[in-house]
Structures are given as C-alpha cells and as structure tokens.
Protein chains: 2
Amino acid sequence: MSDESQLGLDAEHPGDLHQHDDLLIEVARRYHFQEQSKIDIARDLGISRFKTARLLTEARDRGAVRITLHRPRERWTGLAMRLKQAYGLQHVVAVNMHGASMKQLRAGLGREGALLLQQYLTNEDVLGVGWGRTVKAIADQVSTLPKCNVVQLGGIAGDPGENSIELVRILSSHSGGRAFPLYAPLVVPNEDTAKSLKGSPEISSTLDRFRDVSVAVVAVGSWEPPNSQLRMFCTRDDRAAMTAAGVKAEICGVLLDEDGNEVETPLSPRILAMTSSQLRRVPTVIAVAGHTSKTEAIHAVLRGGFANMLVTDTQVARELLAMHERTATE
Amino acid sequence: MSDESQLGLDAEHPGDLHQHDDLLIEVARRYHFQEQSKIDIARDLGISRFKTARLLTEARDRGAVRITLHRPRERWTGLAMRLKQAYGLQHVVAVNMHGASMKQLRAGLGREGALLLQQYLTNEDVLGVGWGRTVKAIADQVSTLPKCNVVQLGGIAGDPGENSIELVRILSSHSGGRAFPLYAPLVVPNEDTAKSLKGSPEISSTLDRFRDVSVAVVAVGSWEPPNSQLRMFCTRDDRAAMTAAGVKAEICGVLLDEDGNEVETPLSPRILAMTSSQLRRVPTVIAVAGHTSKTEAIHAVLRGGFANMLVTDTQVARELLAMHERTATE
DNA sequence: CGCTAAGGTGCTCATATGAGCGACGAATCG
DNA sequence: CGATTCGTCGCTCATATGAGCACCTTAGCG
C-alpha cells in the first residue's frame, strides 16, 4: 500500500520533525500545565487557534500527553496549605507515605518532585540540579521537560550511576536542552585546589551559569543523624568541629545551624558548589526531602529561607507544623 | 487556627467522602478518557454541568488527575495502524523498546497495558485477569480503575507475589470493586480433581462470573521456546505429545497450533481456567506480550481471533507484519 | 428564636471551542 | 505541462464552557 512503510519512520526534512514535535510539546505544556487557553497559546506562539487545537489532539493521539487517575487517599490539601502559610512558601507537596520503606518513600518523593518540576518549568528557565538519591529519584521519574538548559550545582558526589553528572545528563536528555556538568569532585582536598579548579575553563564555564539558574532542585541533608553527602568527605576532626559549631542541616553544600543561619566551617572553602548567596538569588528553589530523621534539617532550611517550594511526606509535614508552632510562640 | 487540623482528615458523614470521591473519579474518567463533554457527563450522571466542572477542577487540585508529557520518539503510529488493519484488530499499541532488557521490556508493556486498561475500562465492565509476569507488570503500573469487579480467569500459577490471586487483589483494590479469586491451582493432577473442584461452591462462584467478563487482560505464552506457565505442570511425556501435536501458543490456558486452531491435549481437562469458547465470547480481549521469541505465538493467537487488542513492542510488530504478508500471499 | 457566616448550588451572559467546509499549495502521475 | 490527489490551513456558525452572581441550606451563636 503505502511506500513509507519500511522503517515506520517518515523521513521528512531533517529538522522539520523535531521542530514540529517541539512545538507540540510546548503547546501541550502551556495548555495542560499552565492552563492557558488555546486562544492565548495561539497568540503567544504566533499560530492560529485551530492549529493549537490540532496540535493538542495530535499530542493526545500520539501519546505525548498522558493522563492518569489516582484515587485521592486523604484530603490532606489542608496540611500542605497550612505548611505553606506557616513558612511562607510558594508551594508545598505532602505525599502520604505512611508505612513505606525508605526506598518507597524516595520513589514517592521522586514522583511528586518530577510532577512539580514538569509543571513549573518553562521554556525560558534554566534548571539547576543538586545531588543525592532523592534528586536521583526525581530524574528517574521525569518523562519530558520543556526545552531548557540544565546546570549541575555542585561537584561529583555519590556512587557512580547516581552521581551529579549522571543526573544532569538524564535531565538534559529529557529536556532536549544543553547540559552543563561539573567535572570535579564536590569536595577537594584543600582550598588551593578548589581555587585552581574554579579558574579552569571547563569548570568556570559551568560556574558562570549559576547566575542564570532560575529553578533549582536540591535535596536536604541532615547532619545528625548523618544524612549528608558532605559528611563522607570529612575527617573525624572536621566532623567534631562541625557538630560543635551546631551544624544541623545541609542544602546544596551550604551548612546551616538549627535556625537556618549559615555556619562557616573548615570544609566550606573546599566545596565546589553553588554558594549560599547564589542560592538565595535563585528565584525558585525546590527542596525535596522526606523521612522524619530530616525534619529538623528541613526546618532549618525553611527558616533560613533557602527554599520556596517543598516536597516531603505527610509525617514530616505534621512535625514541621508542630515545630513551627513551637518556635513561633517562643 | 482551624480546629480540624489534628489528623488532616476531615470527618464528614461516614460514607459521604467516598461517595464524593467515587463521583469525582467517574467524572474525571469520562471527561479525560472517554472524551465526553461536561454537559453529556452532567446529563448521564444526573448532576448539573456546573457541578461537573467543579468536580473536574477539584480533581486536578487534589492530584486525582495527573498529566504527563512525553516526547514522542517515532511516528510509529503507522506501524500500529497497519498491524491493526492486517489482523483486523480493534486497537494496537507498539511500544518502542529497542535494546531494552527483558525486565525493561516488561515494564514498558506494563505501562502501556495499564494505560490502555484505564482508558477502555468503564464502570459497567467486568475485568477478567490472566496471569504471568507481563500481566503482573500491568497490575503494578495501574493507578486507578473505574469501579468494576475483577475476576480471576485461571487457577494459581507462578511464584507467590506474582500469582493470579495477588493480581486480582491488586487490581480490585485499584478499582474499588469486588474481587473474585480462584483458590485452586491452574493445573490439577487429574480430570476428576478438576471436576470436583469445579463443583465446589467457592470455585464455581468465580467460574460463574466468566460469562459476565467484558474485558480480559491476558498474556500470550509460546510453547517453543518454553515461555508458558503451563509448561511447568507437564511431565516429559506430556511435553513431547504437545510439541508433536504442533502446539505453538498458549493464551489463557488454551493451547493453539501455528494457525490459531485449538489443540486438544491430555492437559486440557486438567486445567482450571476460562475455556476457549468462553474466551471467544468476551467482547474485549487484550493480549499483552512482547519479545521476538513470542512472535510466532502471538501470530497464532491473532490468527485464531482470540484477542482484539494487542500490546507489544515495535520489533514484534514488524515481524508480525512480515509474517502476515507471508501467510496472506500463500 | 432570629441573625450571621460559610459552603454549596444553579443561573446569565460573554467567551472559548469544535465540526465541518472551501481555499490553497505541494507532490504525483499521466 | 496540466490534472489530480492529498494534506494543511483558516473561516463560519452552532455549541460548550467559565466568571461572576444570587440563592439556598446548614450550622453556629447570642
């Protein structure tokens, strides 16, 4: 019958297909995530409203837009809402993971984090990516992102297969944008090494991108119990010093005390990652962390104002609310 | 502030909440999967069109409806379409799993199968569930189904954790309907045992449901190479007899030759499962099977007309098309 | 008992959207 | 070269939909 059958892949002009698909994705994203009307989308993208409509039906038919139904277990909207108001956050997701294992918990946080990312990220954003297993869980569950660049926020940490470079690679492949990895360890042996690395072209080219990051996804590490990637780089003395200095939390390589103030430590100059002042300047910082062992750390991060969106579990959310009441009334 | 905070769970009248949520799900399903207009839904369910609209926004806000975007890799719609026409099927999904491991392949088939199920199943359906790891993969990826009953189509086979009863349990919990398990092995030692079991009340109550099954999800087993759950129940003589009889495929406990004709074997009377004539009477039979080792078996099943929907991978789809050309021109 | 506040309901009217149609351009074929 | 076919585009008009409002019920309270 038809002659294009051989490969099932229509060979059009080289770039055409991808241009078309990119437009498809963009339209679908605006319609479903940004809740723009088809007429608005048409005006914004300079196409007719009929074309928008046709692209949207094509998106559905080709499986680009997928809809799933979930039976909502609780009406915990209220919980997330209260937490949002208590800490003055922009958005909170509290996923009900009662009785789940750590692995399941991470998967749950990953799912929600991926969803949030897909909904908030736009074409013009630059995505900054932290590290850790929780962030990895997000990368694993992301399906498609708007076409934006992806910047690694800190040097390599963690096992191969879940290190920061891998995360940046995965996420940029999902977005179709450029990847800016950092080919250096998260913590280097001494300050001089850090300085010389920061000066080298392939490192600084990524560091220079930090100023453009508009959305950052980062994990939160607790210091006590040891739940931070940083801890493995410390000597015993370092650790003692830091515990003495009151370090309670870690976000993106920044160490915080229980009130969310940054703590200067001997480790600080040796860290290759976004600095606290840079992090503060990122418009949207999504902190993803769960399990009650991290409640204190998350509390510190939120008090310090280092994140404006939070993905966590309901258990932690409840504890955070209680903790906030306590500190507020003191 | 508010007094309902303690549990984050608003205590309404006992059943009200679930009734509300069920309605929510039903409306969302009709709107998103069945593409009914809000006005139609309102009329069908006897509510106002405003209420439908409000339920739909609530569904989104509470995360009951989730939308994900995927970058379509190929325009292989044509492949699925051609396969659909070649074998006269109602629906074909060919997922591109090039270079994937068996585990990944199964996960991919599971995802697509789950999606298909969620889209086709309605409130009035009765879901029949086969067995095997592929069907398990579907159950694992289903999130929510319309409220329908779930019937086990054959006795227990496979390891605990992926046996048929477990599947029925999982799926019915997702649908909220009743589960009809079969507490008996798939193959019993002899015909008499089979007969007496079929007569026992708790078995026959499920067997009686077979006539009501409107949608069946089943795997396809190949006989050569050994890819059927049945094979493990055979003696060496049985196997030889069956290979000699030209058995090439197995679907839902029914053994077929290469042309899709049922083959009577010594095993047949000992099997506790839906019969071939019952299977033929099911309006919608979704066969889920991938990997090229099963191509021949799938071909036989389709030729025999035992399934009208197919979920497979692109590689198998191509082989099936080629195989169909060959048998058609002979 | 009446008053008030809150949540839920269905209305009106302006607007967004879908179905179907003819126009246009590109590729194909005689 | 002209004719035909196919796919895409944007139009019209009937219809579906959303924003905002008025109404009703319910519950809380003096």
Side-chain angles (χ1 to χ4, degrees), chain A residues 1-6 8-24 26-62 64-65 67 72 75-78 81-82 85, chain B residues 1-5 8-24 26-62 64-65 67 72 75 77-78 81-82 85:
Chain A
M1 294 257 154
S2 56
D3 270 330
E4 45 79 47
S5 25
Q6 280 311 66
L9 181 80
D10 308 353
E12 304 185 8
H13 305 279
D16 268 25
L17 194 141
H18 283 289
Q19 264 183 38
H20 178 88
D21 281 6
D22 283 348
L23 185 62
L24 190 85
E26 178 61 16
V27 167
R29 199 187 55 74
R30 282 175 185 254
Y31 187 75
H32 291 287
F33 293 155
Q34 223 149 275
E35 306 190 31
Q36 269 190 300
S37 86
K38 303 186 189 184
I39 290 181
D40 283 353
I41 298 172
R43 196 162 16 74
D44 286 5
L45 301 183
I47 55 182
S48 80
R49 73 181 180 88
F50 305 98
K51 180 148 189 167
T52 2
R54 283 185 184 116
L55 281 171
L56 281 170
T57 54
E58 187 193 341
R60 285 221 282 206
D61 293 347
R62 286 177 63 196
V65 170
I67 300 176
R75 292 203 180 207
W76 42 256
T77 330
M81 199 71 81
R82 286 200 299 280
Q85 289 180 345
Chain B
M1 296 259 153
S2 57
D3 269 328
E4 46 81 46
S5 26
L9 182 80
D10 308 352
E12 305 184 9
H13 305 280
D16 270 22
L17 194 141
H18 283 290
Q19 264 183 38
H20 178 88
D21 281 6
D22 283 349
L23 186 61
L24 190 84
E26 177 60 16
V27 167
R29 198 187 58 72
R30 282 175 185 252
Y31 186 74
H32 292 287
F33 294 155
Q34 223 150 273
E35 306 190 30
Q36 270 191 301
S37 85
K38 303 185 190 185
I39 291 181
D40 281 355
I41 298 171
R43 197 164 14 75
D44 285 6
L45 301 183
I47 56 182
S48 81
R49 72 183 180 87
F50 305 98
K51 180 150 188 165
T52 1
R54 286 188 183 112
L55 281 170
L56 281 170
T57 56
E58 186 193 341
R60 285 223 283 202
D61 294 346
R62 287 177 64 196
V65 170
I67 300 176
R75 292 201 182 210
T77 329
M81 200 71 80
R82 287 200 299 282
Q85 288 178 346

Find the distance B/L56:CG to D/dG18:P and express it as a whole number of Å. 8 Å
Once you round to the nearest 0.5 Å, how far does CD of A/E26 lie from CG of A/D44? 9.5 Å
Which pair of non-hydrogen atoms, one from A/Y31 and one from A/Q36, has the smallest distance, and what is that distance? CD1-O, 3.5 Å
Residue-level proximity of residues 28-44 of chain B to DNA chain D when a heavy atom falls under 4.0 Å: B/S37, B/K38, B/I39
Under-4.0 Å salt bridge between B/D21 and B/R62: yes
Which atom of B/V65 lies closest to which atom of B/A28, heavy atoms considered: CG2-CB, 3.7 Å
In whole angstroms, the gap separating C1' of D/dG7 from CG of A/L55 amounts to 15 Å
Closest non-hydrogen atom pair, B/R49 against B/T52: O-OG1, 2.8 Å
Of D/dG10, D/dG18, D/dG20, the nucleotide closest to the side chain of A/R54 is D/dG10
Do A/R30 and A/E35 sit within salt-bridge range, that is, some charged N less than 4.0 Å from a carboxylate O? no
Of the listed D/dG10, D/dG18, C/dG10, the closest approach to the B/K51 side chain comes from C/dG10
Protein-nucleotide distance (B/R49, atom CZ; C/dT17, atom C1'), rounded to Å: 13 Å
Please determine whether a side-chain nitrogen or oxygen atom of A/S48 lies at a distance below 4.0 Å from atom OP1 or OP2 of D/dG10. yes
